[in-house]
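Just so you know, ligand 1 is whichever comes first in the structure, and atom 1 is the first atom listed for that ligand.
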Amino acid sequence: MSKVITSINELETRQIGHKLADLLPNGTVVLLQGDLGAGKTTLVRGVAEALGITEKITSPTFNIMKLYLKGKKVLVHIDAYRLEDNNADIGLEEFIGTERGLTFIEWPNYIKDMIPDNHVSINIHNIGENKREITITGIDYD
Ligand code: ADP
Ligand code: MG
């Protein structure tokens, strides 16, 4: 089943993140799909806010992965963009799907082999100016 939501500004996208932070059980892996600037990192920022993580959430593009340990749940934030198809063995698998918290992955196609079959998919599509069509698949999101 899929749920489609239209977000009209950055706050609404962060609020989806707030809801996911509460809704998703530990161990969940969320794949974030969408072009550059779609709002993937913005949504993760919302998740972090709701978890009480006070560190700034920046795009981990240049780090590949960031791990936030101080919130209500651990947050693993991966951005595989820079890996492209060089499936470098850098130990990401140890963190993906951690039972201590939630894993959000931008550009998951670049690390296909590391993605568990059981995951949530979120697709963000820029439909003009600040509007985004956000499709959530793999959980009951009302
Ligand atoms: P990505 O991680 O997908 O590359 P970012 O979250 O880094 O994208 O950037 C999204 C950009 O789009 C930000 O500058 C944000 O302020 C802007 N934006 C405008 N409207 C929205 C919206 N409805 N939802 C999310 N981001 C939005
Ligand atoms: Mg990003």
Side-chain angles (χ1 to χ4, degrees), residues 1-98 100-116 118-142:
M1 83 232 95
S2 288
K3 168 87 178 175
V4 183
I5 301 162
T6 302
S7 161
I8 59 158
N9 56 41
E10 187 185 316
L11 174 62
E12 283 196 359
T13 298
R14 294 211 316 274
Q15 285 169 339
I16 294 171
H18 297 170
K19 186 162 166 182
L20 291 171
D22 288 337
L23 189 68
L24 298 176
N26 283 347
T28 304
V29 174
V30 180
L31 311 186
L32 295 164
Q33 324 254 16
D35 293 339
L36 218 55
K40 303 180 294 296
T41 300
T42 299
L43 189 142
V44 176
R45 204 166 278 144
V47 173
E49 282 166 1
L51 294 176
I53 293 167
T54 53
E55 291 150 89
K56 195 169 187 287
I57 307 295
T58 52
S59 171
T61 298
F62 295 103
N63 305 286
I64 311 287
M65 183 184 91
K66 285 192 169 181
L67 185 59
Y68 300 91
L69 299 170
K70 292 181 182 160
K72 283 186 271 189
K73 298 170 182 170
V74 164
L75 174 62
V76 179
H77 184 196
I78 292 171
D79 185 330
Y81 189 72
R82 220 167 50 110
L83 289 179
E84 296 189 20
D85 284 320
N86 321 306
N87 240 325
D89 182 11
I90 54 171
L92 289 178
E93 274 151 313
E94 281 186 49
F95 298 94
I96 293 173
T98 177
R100 295 174 59 202
L102 308 178
T103 305
F104 285 78
I105 307 177
E106 300 185 38
W107 303 98
N109 292 351
Y110 291 141
I111 53 169
K112 275 200 195 88
D113 296 348
M114 300 181 205
I115 305 299
N118 189 7
H119 57 253
V120 174
S121 287
I122 300 182
N123 229 290
I124 310 180
H125 191 56
N126 188 332
I127 53 172
E129 304 242 0
N130 297 330
K131 271 197 186 168
R132 304 291 189 270
E133 186 183 80
I134 301 179
T135 306
I136 303 176
T137 309
I139 38 155
D140 248 321
Y141 184 103
D142 288 310

Does the side chain of Thr103 come within less than 4.5 Å of His119's, by heavy atoms? no
Tabulated below should be the N or O atoms of ligand 1 paired with protein N or O atoms at under 3.5 Å; can you produce that?
{"unit_1": "ligand 1", "atom_1": "2 (O)", "unit_2": "Thr41", "atom_2": "N", "d": "2.9"}
{"unit_1": "ligand 1", "atom_1": "2 (O)", "unit_2": "Thr41", "atom_2": "OG1", "d": "2.9"}
{"unit_1": "ligand 1", "atom_1": "2 (O)", "unit_2": "Glu106", "atom_2": "OE1", "d": "3.2"}
{"unit_1": "ligand 1", "atom_1": "3 (O)", "unit_2": "Ala38", "atom_2": "N", "d": "3.3"}
{"unit_1": "ligand 1", "atom_1": "3 (O)", "unit_2": "Gly39", "atom_2": "N", "d": "2.9"}
{"unit_1": "ligand 1", "atom_1": "3 (O)", "unit_2": "Lys40", "atom_2": "N", "d": "2.8"}
{"unit_1": "ligand 1", "atom_1": "3 (O)", "unit_2": "Lys40", "atom_2": "NZ", "d": "2.8"}
{"unit_1": "ligand 1", "atom_1": "4 (O)", "unit_2": "Gly37", "atom_2": "N", "d": "2.8"}
{"unit_1": "ligand 1", "atom_1": "6 (O)", "unit_2": "Thr41", "atom_2": "N", "d": "3.4"}
{"unit_1": "ligand 1", "atom_1": "6 (O)", "unit_2": "Thr42", "atom_2": "N", "d": "2.9"}
{"unit_1": "ligand 1", "atom_1": "6 (O)", "unit_2": "Thr42", "atom_2": "OG1", "d": "2.6"}
{"unit_1": "ligand 1", "atom_1": "8 (O)", "unit_2": "Gly39", "atom_2": "N", "d": "3.2"}
{"unit_1": "ligand 1", "atom_1": "12 (O)", "unit_2": "Arg132", "atom_2": "NH2", "d": "3.1"}
{"unit_1": "ligand 1", "atom_1": "16 (O)", "unit_2": "Glu10", "atom_2": "OE1", "d": "2.6"}
{"unit_1": "ligand 1", "atom_1": "18 (N)", "unit_2": "Arg132", "atom_2": "NH2", "d": "3.4"}
{"unit_1": "ligand 1", "atom_1": "20 (N)", "unit_2": "Asn130", "atom_2": "O", "d": "3.3"}
{"unit_1": "ligand 1", "atom_1": "23 (N)", "unit_2": "Ser7", "atom_2": "OG", "d": "3.0"}
{"unit_1": "ligand 1", "atom_1": "23 (N)", "unit_2": "Asn9", "atom_2": "N", "d": "3.4"}
{"unit_1": "ligand 1", "atom_1": "23 (N)", "unit_2": "Asn9", "atom_2": "O", "d": "3.1"}
{"unit_1": "ligand 1", "atom_1": "23 (N)", "unit_2": "Asn130", "atom_2": "O", "d": "2.7"}
{"unit_1": "ligand 1", "atom_1": "24 (N)", "unit_2": "Thr13", "atom_2": "OG1", "d": "2.6"}

I'd like to check the salt bridge (charged side-chain N to carboxylate O under 4.0 Å, His left out) partners of Arg45; sequence neighbours left out, ordered by chain and number. none
Vertex the Mg ion (ligand 2), ends Glu106/OE1 and Thr41/OG1: angle to nearest 10° comes to 90°
Going by distance alone, is a donor N or O of one side chain under 3.5 Å from an acceptor N or O of the other, for Thr13 and Ser7? yes
4.5 Å side-chain heavy-atom contact, Arg132 and Ile127: no
Starting at CD1 of Ile96, measure out to CD1 of Ile115 and round the result to the nearest 0.5 Å. 5.0 Å
Distance alone, cut at 3.5 Å: any donor-acceptor contact between the side chains of Thr137 and Ser121? no
